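Notes follow the structure.
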Amino acid sequence: MIEIRDLIKVNVAAFFRRPVNLALIVLGIPSVIYGFYIFMRALPDFIFPEISAEMGAATGTLFAVVFLVGLVGLFQIISSLEADRRLSISGFSMQNILIGRFLGIFIISTLISVLSLGVMSYWVLAESYSRAFLVLMLSGFMYGMIGVLIGSLVPKELEASLILIFMADLDVFLGTGVFEFESAVVEYFPLHSPSILLRSAVLNGYLDNSHLLVLGVYILVFLYFSSLAFKKASSDEEGWF
Amino acid sequence: MKNLDSFKTLTEHYFKQIFRSRLLVVLMFFLPLYFIITMNVVHPERPIMIPIGDVLAMEILSDLATMTVVTVVVSLLCGVFGFFVIKESDIDPRLKIVGFSDFEILGSKLLLLSGVVLFTTAFSFLVMFYLTVPENITWFLIGVLLAGANYSFIGILAGFFLKRLPGMYLMLFMPTLDLMLFQSPMVDRDLVGEWVKYLPGYNPMRVVLRASLGLDQEMRTIIYSLFYLALLFAISLFILYIKIKTKRD
């Protein structure tokens, strides 16, 4: 237990030590939320009758959280694969290293969700903060796992973060249903359920159980695959590619 | 004649050095396809009235989005390449030792960059051509080239001040925010404020929009954008020169 606590502490501290991360929190979160808010507020009503500025702010908050936590998962994995190998040589069990990493991501996801919700409130007040927070935290954690997965598969900072950016972009544009896009494929995008949940939490203070269930399943699936990828990556000399 | 040979050798050298990174090759072809096709797909095919100056022009929304995103993707790629042209200069001091002059090094870097600007514009235009065609192709291309050139110089500035990761993020987000949000014809001018007029995408986007909709170009916009371009060019030339001059082995 003490071992895991130390590992979590190391991981969370490592996140706040990077200046890029702090810059992304201070500048990135407000500008993304403001950008989405103003963009959707400005779209002509007769073309996009379903889109409102409130929706824009909620979607922007979701994007900010998943993108940042995704980056956290990604950078942690890339910068620490070497260190993890050494930790495991010096007696930490692989199981605990893994749990420490994931709990670290979870805690960071919690912090970023709280911050982003606070920033969002400047433009839009949520009906139910606890429900909005729950959705944001879980979606952030899911993208943290996706970040770990990408980082283990492509262990290069720049390349991997570009993959994450474009994936999150596409996910937000198509999966969230902001634009009407007639294809069933988008319903399987990771952010499809979270965006519906978040919008209903912000606008009506209500959560749909079936979408919550879908989100839970996605988290479990990504948790499974990212731990597989993580174990593989930190036991080999190099990544998969 | 010697100058010409040196330019050829150096440009070839920088070309190989930059494109050795597979990431840039992938981005060069993937980004236009991804951006242009996605934008075309997500916007509904409904007509929309766009206020341009004091006239209202009508255009199909998905066509408009497709045409404006060409400017975004070209600027983005040119910015990234401008960034890497200045980042990949570790070998310059050695090139100087073997006898290439500062002028030749600088010139070949700019030559390569202009090649990239032309190529990305041509490729993005081709992708767009399958989906929609602007009313005035010549002015459209001029506008896109102006935006691309502006951002390639911004990329040089970023390469001088920033490291690889933050610089790359800046070159991804700045053109996207500038051209897709602040200069977007669908966004209400009053909401974004006056300051967006000073962004590098403002004048090129006006040219592109007028060309897409088949309106006459304003002389003022073109003079402003050439002036803006010349200013950025002078600053980045100065920075490139300093970088080459002061770099030691």
Side-chain angles (χ1 to χ4, degrees), chain A residues 18-24 27-28 31-32 34-51 53 56 60 67 71 74-75 78-79 154 156-183 185-186 241, chain B residues 21-27 30-31 33-35 37-51 56 59-62 64-65 69 76 80 83-84 87 162-174 176-178 180-182 184-193 196:
Chain A
R18 286 179 76 116
V20 177
N21 289 343
L22 294 179
L24 278 173
L27 300 173
S31 55
V32 165
Y34 173 71
F36 271 83
Y37 171 77
I38 199 141
F39 187 63
M40 302 210 175
R41 186 168 147 194
L43 285 177
D45 281 343
F46 62 94
I47 300 271
F48 300 99
E50 320 82 22
I51 294 181
F67 172 58
L71 273 188
L74 193 137
F75 283 145
I78 293 174
S79 62
V154 188
K156 290 180 188 156
E157 289 196 344
L158 192 57
E159 282 82 347
S161 63
L162 287 181
I163 295 177
L164 182 78
I165 288 176
F166 291 124
M167 176 173 171
D169 250 8
L170 198 66
D171 204 356
V172 156
F173 268 122
L174 298 182
T176 58
V178 162
F179 292 101
E180 44 188 293
F181 182 65
E182 285 100 22
S183 167
V185 182
V186 297
F241 296 110
Chain B
S21 148
R22 237 178 302 159
L23 172 72
L24 292 182
V25 183
V26 172
L27 282 184
F30 165 74
L31 279 188
L33 289 169
Y34 168 78
F35 265 73
I37 295 176
T38 312
M39 276 298 133
N40 187 261
V41 166
V42 298
H43 284 90
E45 273 183 51
R46 264 176 270 168
I48 175 184
M49 303 296 282
I50 317 136
L56 270 179
E59 181 58 276
I60 306 292
L61 182 55
S62 63
L64 182 73
V69 83
L76 207 157
V80 168
F83 180 74
F84 276 96
K87 269 286 167 244
L162 297 173
K163 284 191 192 149
R164 226 167 105 95
L165 205 65
M168 190 78 177
Y169 280 2
L170 182 73
M171 291 332 293
L172 272 184
F173 286 121
M174 186 179 166
T176 319
L177 276 181
D178 179 9
M180 226 157 156
L181 179 63
F182 297 135
S184 167
M186 286 173 275
V187 169
D188 189 355
R189 295 290 96 200
D190 298 335
L191 274 176
V192 288
V196 298

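Residue numbers begin at 1 in each chain, while the letters A, B, ... track the order of the sequences. Note that the structure is a prediction, hence the values are computed from the model and not measured.
- For the options B/Lys163, B/Arg22, B/Met168, heavy-atom pairs under 4.5 Å to chain A are most numerous at B/Met168.
- For B/Leu27, the part sitting under 4.5 Å from any heavy atom of chain A is the side chain, from C-beta outward, and nothing else.
- Residue A/Tyr34 touches chain B through its side chain alone, counting heavy-atom pairs closer than 4.5 Å.
- With a threshold of 4.5 angstrom between heavy atoms, A/Phe75 approaches chain B through side-chain atoms but not through N, CA, C or O.
- The minimum heavy-atom distance linking A/Phe166 with B/Tyr34 is given by the pair O-OH, 3.1 Å.
- Remark: A/Asp169 CG to B/Phe35 CZ distance equals 6.0 Å, nearest 0.5 Å.
- Scanning both residues, A/Ser161 and B/Leu165, for their nearest heavy atoms gives OG-CD1, 4.1 Å.
- Between the CG atom of A/Leu71 and the OH atom of B/Tyr169 there is a distance of 4.0 Å, given to the nearest 0.5 Å.
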